[in-house]
Amino acid sequence: MIMEYNFRQLERKWQDHWVKSGAYKVSNDSSKPKCYVLDMFPYPSGAGLHVGHPLGFIASDIYSRYKRLKGYNVLHPMGYDAFGLPAEQYAIETGQHPAVTTEANIRTFRKQLDNIGFSYDWSREINTSEPAYYKWTQHIFLQLFGSWYNRHAAKAESIETLVRIFESEGNLHQECPGDRGLRFSADTWNGWTYEEQQQTLMEYRLAYLAYAEVNWCPALGTVLANDEVINGVSERGGHPVIKKKMRQWFLRITEYADRLLEGLETVQFSEAMKDMQRNWIGKSQGAEIKFNVAGSLENIVVYTTRPDTIFGVDFMVLAPEHELVESITTDEQSQAVSDYREYVQSRSERERMAEVKQITGCFTGAYAVNPFDGRKIPIWISEYVLAGYGTGAIMAVPCGDARDFGFAKHFNIPITNIIGDAFNGEEANATKDAVLQNSDFLNGKPMREAMGIVAEKIEQLGLGRRQVNFKMRDAGFSRQRYWGEPFPIVFRNGVPEAMDVADLPLELPHVENYRPGEEGEGPLANVTEWVNLPSEAGTSLRRETNTMPGYAGSSWYFLRYMDPRNAETFCDRKVSDYWGQVDLYIGGTEHAVGHLLYSRLWTKVLFDLGLIGFEEPYRKLVNQGMITGSSRLVYRVRGTNQFVSAGLKDKYETDELHVDVNIVDGVELDTEAFKKWRPDYANAQFILEDGKYFCGTLSEKMSKSKFNTVNPDMLVDKFGADTFRMYEMFLGPVEQSKPWETKGIEGVHRFLKKTWRLFFDENKGLIVNNEAPGAEELKTLHRTIRKIDDDTERLSFNTAVSAFMVCVNELTDQKCSKKAVLEQLLVLLTPYAPHMCEELWQAIGNSGSILDAAFPVFEEKYVVESVKEYPVSVNGKLRTTINIALDAEAAEVEQIALANEVVQKWLEGKQPKKIIFVKGKMINIVI
RNA sequence: GCGGAUGUGGUGAAAUUGGUAGACACGCCAGACUUAGGAUCUGGUGCCGCGAGGCAUGUAGGUUCGAGUCCUAUCAUCCGCACCA
C-alpha cells in the first residue's frame, strides 16, 4: 500500500492497468445514450507537444470521463492528420521518406499524450496518410466527382440523373454553374461526342477540373489556398505568391453557399466563429444591370447591391482583365489602355494589396448609356475592380461609395448628388436611409424602398435581374505535392475518368526525389512508370500527378472513428446513425474557414447522397484559447559578458536576449543554471538587485527560438499528470487565450496532496472510516456535487477546480475521514485527476474501476439553510448584515431590520420612504 | 475601413437570472514546527485613512431602490476579414 502521495509510481501503475484491462475501449453496440466528444486531431510535427496543445485535449477528456460517469456511451478517439507540407519539406532537405518521419513524430506525440493520462480509445486510432484510411478519402472524392448539385431539389445527386435530364431536355432547366451562358437542347446533347459530353458534365460536377488562376508560390513549388496566403505571401515561410493559370481540381462549394449559411443557425458555434464563416461566404443581394455601350452593339453587365442609386451613376469601371475592354476602347485611348493593363499585369498580388489606397485607372474613350435616363457615362478601367467578383464591372456612384468618390476626385469626374444634404461634397455617404433626389421616378423615395422598386423595374424591362453573389470561390483541391492523397482518376486520352472503386486505394508510389516537377507539376510527374499506364495502341492512360490538399483527410475523419476498421465502406450507415453528430468538438480558431467549412461541405454532400443521416458534423464547437509563451529576457551590457538585472538596465547600454524560461523562477534567474546553459555564458557576471537577478518578460508565440516553450513532459515528471491536468484547467476559462505561467502549479499540487491526506495520515496510514456523516459534511459534499455537475457540463473547468479546493478545505477543517463522503468526492474528482482517484478508490476497498462508478446524485435536502445572513443596505449602500430566518416574511424582516442599531444610526431618526426586500437575497432601506 | 471579442487587486481569475465585488489560487507579510530545506500548518493581505468612514470592476454619462452585469458614447488591447461594388 502506498502511504504517501507518490504520484510517479501510482500514475504509471494505473496507466499500465487501464491499457491492460482495455478500460477505454468503446463499443458501437450499447443501450446507453451516446455522446461523441472529439478533439481536432493534431498534425504530428517534429517539435512535439508544448503546454498549449493539451489544453483542449484535457478539457475534452474531462468532459468525456464525466459523461461516462453520467451513464453515456462515450466515443472519444484520437488520431493524426498526417499528410502535409512540413514532412515533405523535411524530406526534400534530408531525403527521409515522409512516412518515416511522420511515424517517428507520431510515436513522440503518442508518448507525450500517454503521459497525461487521456481516456482515448486507441483501438480507433486513425492516420490520414495510411492507405487503409485514404482509400476512403479517395472513395469520397469519387462521390463528389460523380455528383452534381440539383438546384431545384437543393441537393447533390448522382451525375447519372443529370445525364438522363440532358438526354431528354438538354440543360434548359439546369443552369450550368461552370458556364452560365451555356444552353443546349437534348438533340445537341445526343449529337455530341463522348469527349464533348464529358466536357459539359465537368461544368456540373461537384469535384471538377478547370483552368484557373491559382496562388502559385515559386519558392514552395506549390499552389496555395486563399486561406494559406496572408497579405500576398505564403502563410508558411512568408514567400511571395503570384497568379498562374493551371489545370486544377476544384470542389464546387459555391453551390452549397446558402446551405452552409443556413446550417450555421442549427449549430452551437461561438458568434465569432459563425461570423468568420459568414464573412468568408460573403453573401450579398443585389442586381445585375445591363448598360449599352454608345455607338456599339456591345453591352456591359454590372453587379450592384444598390440599384436604388442608379441615377447617381457618373461613370463605369471595368476590371482591367474584363473581356470587353479591347473591343470598346477607342483608337485614341488604345495606347493608354494597353499601357495601363501592362502595368497592372506587372504588379504582383503583394504590391496590389500593399498599396490599396493608391488610386490608378485609365479611360477607355467609350461611353455607356444609363438605361433609365439615357445619360452617357464614361467607361474606365481600374485595378480596384476585381475580375473575379460579380461581373467584373461596376456602376460608380461617387456620392455614395468611398472608392468611387476617391476615383472621381482623382480623375476630376463630375459628381451627381442624389441624396441632398446627406452628401457634403467632402466624402461619400453610403447611407441607406436618405431620401432620393435627382432621381426621376424615385424622387422622394427612401432608399430602402427604392431598391425593390428599381430591381422590379429592371426585371420588367429586361434590363437585368436580381442577383445574389458570394465572395467565396470554389475551393482549389489540387496540390503539386508528393505527401498527399493521389487522385483516383485516370485520363483516357485526356478525359478524366473515375478509377474502379475495387482498385482503391491508389497508393502513393515511392519516389527518388521529392522536388517538384517542371512548371509546377508535382513530384509524382517524375515517376513516369506510375503515371503512364499500359494501354492499347491509340489510347493513352495517364494518372493525375497532383495530390489532394491537407483538408481532404480531415474533412470526414470524424466519421471514420465511428467504424475505423471497416473494409467495406468508409463508415457503416448503422454505425453513423448510432453515433450521429459530434456532440462536442474542441479545437483552435485557426480552422474557422478552412477545415470547418470543408468538413461541413463534405458532410452535406454525404448526407445528400444518403450515405449518412445528418448534415452538420459538429453540434457544438468550442475553441480553446491559444496559450502563448511568456518569454524571459536578460540584458547584456554591450560589449561585455556582464548581465544587468531588469530594474537597473536603464543605467547601461544593453542588448536584450531571450533566456530559457525553464531556468527562471517567476522572474528570478537561476544564475548558476544560466552559466551552465550555454558555454558563452560560463563566465557571465551579474549586476544584481537585492542579491537577485530579475528578468524582463514578454508575451509572444511559443517557439523554440524564443526559448519560451514549456514541455508538458517536464511538468508531468515533476508534479504528476493529475496536477498538470488540473493546473491547465485552473489557468482560466478554456476559451480564453493567455500566456503560460508555470508559477502557480504548486497550488494545485498542494491541493492534491491535501486531498490525499483526507485518506492517509503519515503516521496512522489509512484513516478512512465507516461512520455516518454529519449534516455539515453532507452539506459540503452536496454543494460540491451540484457545483461540479453544473460547471463540468458547461465546461467551466476553472471554477470546478476551485470548487474542489473549497470542498477539500472544508472537509479538512471538519476532519472528515468518512468513507460515505470521501467516496463520492472521488467520483466527482476522477474526470480531473483520474490516477489519484483510482488509487484511492481501490485503497478504500472498492474492487471495480472508478471509471465505471455512477456520478453522485445531488440531494437538495442536505444543502437547505434555515437562516440567511441578509445584507442590509441603506440607500443602496451596504451597511451591515443580519441573520434572519429564511422563511421570515417581509413585515417581520422589515421590523427586524429597522430595529438594528446600525440601521438606526443611518436612519438618523428619519422614516424610511421604502423598504425593498427580496426574499433570500437582500434588504435595501430607502430614506 | 468592416466584423467579433476582451478590459475587475501586485498576478491568474470568480461573481450562471441586475441583489454582500475580488471566491479559489499564485505572490507577499507575520508566526508555528523542524538546526539548514523550494516540506507542512496558522493568521493577514483591493486602495486611502489612526478612526468613524470614504473610494474602487478602462473612461464619461444614463436607466434602477440597487449596475462588473442593462442602455448610450468613448478609449485601449487582441483576433478575423479586407479595393467584394
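Every chain is numbered from 1, with letters handed out A, B, ... down the list of sequences. Because only heavy atoms are used, hydrogens play no part in the values below, and waters and symmetry mates are left out as well, while side chains stay in.
Using Watson-Crick or G-U wobble geometry with both donor-acceptor distances under 3.5 Å, B/G10 finds its partner in B/C26. Across all strands shown, B/C41 forms a Watson-Crick or G-U wobble pair with B/G31, both key distances being under 3.5 Å.
Here B/A85 is the nucleotide among B/A25, B/A14, B/A85 with the atom lying nearest to any side-chain atom of A/V385. For A/T799, counting side-chain heavy atoms from C-beta on, the closest listed nucleotide (B/A25, B/A14, B/U20) is B/A14. Nearest to the side chain of A/T881, among B/U40, B/A14, B/U20, sits B/U20. When the nucleotides B/C65, B/U16, B/U40 are ranked by their closest atom to the side chain of A/R794, B/U16 comes out on top. For A/M922, the side-chain atoms get nearest to B/G19 when compared with the rest of B/C83, B/G19, B/A85. When each of B/G12, B/G4, B/G80 is scored by its nearest atom to the side-chain atoms of A/M276, the top-ranked nucleotide is B/G80. Of the candidate nucleotides B/G19, B/A85, B/G12, B/G19 has the atom nearest to the side chain of A/V918.
For B/G49, the base is anti relative to its sugar; the glycosidic angle deviates from 0 by more than 90°.
Note: A/H595 and A/H591 have perpendicular aromatic rings, judged against thresholds of 30 and 60 degrees for the angle between ring planes.
Using P as the reference atom, B/G62 and B/U69 are 14 Å apart when rounded to the nearest Å. Nucleotides B/A13 and B/G68 place their C1' atoms 14 Å apart, quoted to the nearest Å. Only the P atoms considered, B/A60 is 16 Å distant from B/A76, to the nearest whole Å. B/A56 sits 10 Å from B/U8 when the C1' atoms are compared, rounded to a whole Å. The gap from the P atom of B/A82 to that of B/C48 amounts to 49 Å, rounded to the nearest Å. Nucleotides B/G10 and B/U6 place their P atoms 23 Å apart, quoted to the nearest Å. Only the C1' atoms considered, B/C26 is 33 Å distant from B/G80, to the nearest whole Å. For B/A36 and B/A25, the P atoms lie 27 Å apart once the distance is rounded to whole Å.
Within 3.5 Å, no donor on the side chain of A/K738 pairs with an acceptor on the base of B/U11, nor the reverse. The base of B/C81 has none of its N or O atoms less than 3.5 Å from a complementary donor or acceptor on the side chain of A/N279.
Looking only at atom types and distance, the side chain of A/D670 has no donor-acceptor partner in the side chain of A/Y693 under 3.5 Å away.
Taking only side-chain nitrogens and oxygens, A/R879 never comes nearer than 4.0 Å to OP1 or OP2 of B/A52. For B/U64, neither phosphate oxygen OP1 nor OP2 lies less than 4.0 angstrom from any side-chain nitrogen or oxygen of A/N924. OP1 or OP2 of B/G53 lies within a sub-4.0 Å distance of a side-chain N or O belonging to A/K905. Residue A/N798 has no polar side-chain atom (N or O) positioned under 4.0 Å from OP1 or OP2 of B/C24. Considering only side-chain N and O atoms, A/Q736 lies nowhere under 4.0 angstrom from the phosphate OP1 or OP2 of B/U6. For B/C65, the OP1/OP2 oxygens have no side-chain nitrogen or oxygen of A/K913 closer than 4.0 Å. For the OP1/OP2 pair of B/A85 and a distance below 4.0 Å, the side-chain nitrogens and oxygens of A/S284 include at least one atom meeting the criterion. Note on A/R757: a side-chain N or O is less than 4.0 Å away from OP1 or OP2 of B/C41. Between A/R750 and B/U40, a side-chain N or O to OP1/OP2 separation shorter than 4.0 Å is present.
Residue-environment remark: NZ (A/K409) stays at or below the threshold of 12 foreign heavy atoms within 6.0 Å.
B/C24 atom P lies 13 Å from atom CZ of A/R783, rounded to whole Å. In this structure, the CE atom of A/M273 is 19 Å from the P atom of B/G3, given to the nearest Å. Between the CZ atom of A/F269 and the P atom of B/C79 there is a distance of 23 Å, rounded to whole Å. When rounded to the nearest whole Å, the span between CD1 of A/I359 and P of B/C83 equals 15 Å. Between A/I281 atom CD1 and B/G3 atom C1' the separation is 15 Å, expressed in whole Å. Look at CD on A/E746: it is 15 Å from P on B/A25, rounded to the nearest Å.
A centroid separation of less than 6.0 Å is found between the aromatic rings of A/F407 and A/Y384. Under the 6.0 Å cut-off for aromatic ring centres, A/H749 and A/Y727 do not qualify, their centroids lying 6.0 Å or more apart.
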For a ring-ring contact (aromatic ring centres under 6.0 Å, His included) check, start with the C-alpha distance between A/F804 and A/Y832, then their side-chain angles and the critical distance, and finish with the verdict. CA-CA 10 Å; A/F804 282 123; A/Y832 293 78; 5.2 Å; yes
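Contacts of A/K718 with the nucleic acid, taken as non-hydrogen atoms under 4.0 Å apart, include base atoms. Within 4.0 Å (heavy atoms only), A/D275 reaches sugar-phosphate atoms of the nucleic acid but no base atom.
We find that A/R632 and A/E741 are joined by a salt bridge, their nearest charged nitrogen and carboxylate oxygen being less than 4.0 Å apart.
For residues 387-397 of chain A, proximity to RNA chain B is found at A/Y389, A/I394, defined as any non-hydrogen atom under 4.0 angstrom from a strand atom.
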